[in-house]
Amino acid sequence: MIATLQNGTELKTKNIGGSIPWDDFILKNKGCSNTIEEVRVDEDASKLPNDKITIDVTSKYHPKLKAVKSIHTTNNIGITVNQNGFWGWERHKYMTVFQGVDGQHAGKADDLRIKVKTVSHKQTGTKLNKIEIFNVSKNKLVARYKLTPSTELIINAKGGQGDDGRKGRKNETSGGNGGNGGNGGNITLIKDPSVSKLNITINNTGGRGGNGGPPYYNTGVKGNNGVSGSNGKITNQVKTITLKF
């Protein structure tokens, strides 16, 4: 921080690298974190209505000494969204589990609805894709982004992997069966006619079934492997949409 007076005089402390200590200032921010050395722009585009971040700095000791800095967003950092199904070994986190020798079944990935509309950056005029992701399975909004058309957006809605079967018991001739993999989520991608380019990758494959467990005795047989989940469907639609952010 260097304070410049109206007559051009600079107030700074040379022996600490030509800057005044940050502790001498009150920092306020909009659309970003308040980290001193660097700021992180909010991913939520609804918090950046004017496509810029603003940093407000005021001296603690001289309140009239203050400055406001606005920086245009670039919207060109790739984003990954995960809405995957849980793995079999995590099943106890979501429901009551009575564990035997068989592996637990995995969870299905969530179904998603993705809306995209092309708009102009409010400061620079460059093209941006407004993107809204809604979780249909949980009936909740996941995210709102603004990205340049060439910036990659990765959507993961993959089924969870089945749990491996356990070692068989003494009185059984085979090991535990592997748990089934979860199905991939179904994705509906709705593009407004304004969209001419969208860099999106959708991964909604089914999860692999778990491995069968070994028998207690070598004379026994290995448990059956779990069944892999089905891949999710991707439905593409083109129609006029409105995004309120």
Side-chain angles (χ1 to χ4, degrees), residues 30-33 35 37-53 70-87 106-138 140-161 181-208 229-245:
K30 184 177 181 180
C32 62
S33 64
T35 307
E37 296 301 329
E38 64 179 21
V39 297
R40 181 176 295 276
V41 178
D42 286 325
E43 288 186 354
D44 186 352
S46 66
K47 296 180 179 179
L48 295 159
N50 294 311
D51 300 330
K52 64 181 180 180
I53 65 172
S70 294
I71 304 172
H72 303 160
T73 58
T74 57
N75 307 85
N76 60 353
I77 304 298
I79 292 177
T80 299
V81 177
N82 294 313
Q83 299 289 293
N84 301 314
F86 60 81
W87 284 36
K108 177 187 180 298
D110 291 339
D111 297 335
L112 305 176
R113 182 173 63 242
I114 305 170
K115 294 182 178 180
V116 187
K117 183 174 184 176
T118 300
V119 297
S120 296
H121 193 292
K122 293 187 177 180
Q123 303 301 323
T124 65
T126 58
K127 295 298 183 183
L128 296 177
N129 284 334
K130 273 187 177 182
I131 303 169
E132 180 180 270
I133 304 173
F134 187 82
N135 187 313
V136 177
S137 299
K138 293 185 172 66
K140 70 174 186 179
L141 181 68
V142 174
R144 286 172 168 170
Y145 302 125
K146 282 185 181 179
L147 300 175
T148 61
S150 60
T151 299
E152 185 176 32
L153 173 65
I154 299 175
I155 306 293
N156 291 323
K158 298 182 287 187
Q161 181 175 312
N183 294 335
N186 296 319
I187 309 297
T188 300
L189 179 60
I190 306 172
K191 292 191 288 187
D192 186 88
S194 60
V195 180
S196 60
K197 183 177 181 181
L198 174 64
N199 186 3
I200 186 171
T201 300
I202 297 175
N203 302 309
N204 61 338
T205 54
R208 182 176 64 81
S230 300
N231 295 338
K233 297 179 181 179
I234 300 177
T235 302
N236 290 282
Q237 299 178 3
V238 178
K239 63 181 181 181
T240 301
I241 59 175
T242 300
L243 295 177
K244 298 179 180 180
F245 67 93

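Keep in mind the model is a prediction, meaning the values are calculated, not measured.
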Shortest non-hydrogen contact from [X] toward [Y]:
{"X": "Ala109", "Y": "Ala157", "answer": "CB-O, 3.1 Å"}
{"X": "Ser150", "Y": "Lys197", "answer": "CB-NZ, 3.7 Å"}
{"X": "Lys108", "Y": "Gly184", "answer": "NZ-O, 4.0 Å"}
{"X": "Asn183", "Y": "Ser230", "answer": "OD1-N, 2.7 Å"}
{"X": "Val195", "Y": "Lys191", "answer": "CG1-CD, 4.0 Å"}
{"X": "Thr118", "Y": "Ser194", "answer": "N-OG, 3.1 Å"}

Flag side-chain contact, heavy atom, 4.5 Å: [X] against [Y]:
{"X": "Val81", "Y": "Leu153", "answer": "yes"}
{"X": "Ile114", "Y": "Ile131", "answer": "yes"}
{"X": "Ile133", "Y": "Asn135", "answer": "no"}
{"X": "Leu147", "Y": "Glu152", "answer": "no"}
{"X": "Lys127", "Y": "Ser120", "answer": "yes"}

The side chain to side chain contact (heavy atoms under 4.5 Å, CB included) partners of Asp42 (sequence neighbours excluded) come to Lys47

The side-chain hydrogen bond (donor to acceptor under 3.5 Å, both in side chains) partners of Asn156 (sequence neighbours excluded) come to Asn82, Asn203

Those residues at least two apart in sequence (or on a different chain) that pass side-chain hydrogen bond (donor to acceptor under 3.5 Å, both in side chains) with Thr74 are Asn76

Which of Asp192, Ile190, Leu189 passes side chain to side chain contact (heavy atoms under 4.5 Å, CB included) with Val116? Answer is Leu189

Reported [atom1]-to-[atom2] distance for the pair [X] and [Y], which is rounded to 0.5 angstrom:
{"X": "Asp111", "Y": "Thr188", "atom1": "CG", "atom2": "OG1", "answer": "8.0 Å"}
{"X": "Lys138", "Y": "Leu112", "atom1": "NZ", "atom2": "CG", "answer": "9.5 Å"}
{"X": "Lys130", "Y": "Ser46", "atom1": "NZ", "atom2": "OG", "answer": "10.0 Å"}
{"X": "Leu48", "Y": "Glu43", "atom1": "CG", "atom2": "CD", "answer": "10.5 Å"}
{"X": "Leu128", "Y": "Thr73", "atom1": "CG", "atom2": "OG1", "answer": "7.0 Å"}
{"X": "Asn231", "Y": "Asn186", "atom1": "CG", "atom2": "CG", "answer": "10.5 Å"}

query = Distance-only, no hydrogens or angles: does the Thr205 side chain make a donor-acceptor pair with backbone N or O of Lys158 under 3.5 Å?
reply = no

Q) Are the side chain of Gln123 and the backbone N or O of Asn50 linked by a donor-acceptor pair below 3.5 Å? A) yes

Name the atoms and distances for all side-chain donor-acceptor pairs under 3.5 Å in residues 238-245, with sequence neighbours left out.
none

For residues 140-149, the salt bridge (Lys or Arg N to Asp or Glu O under 4.0 Å) pairs (sequence neighbours left out) are Asp51-Lys146, Glu132-Arg144

Is there a donor-acceptor contact under 3.5 Å linking the side chains of Thr148 and His121? no

Phe86 meets the ring-ring contact (aromatic ring centres under 6.0 Å, His included) criterion, sequence neighbours left out, with Tyr94

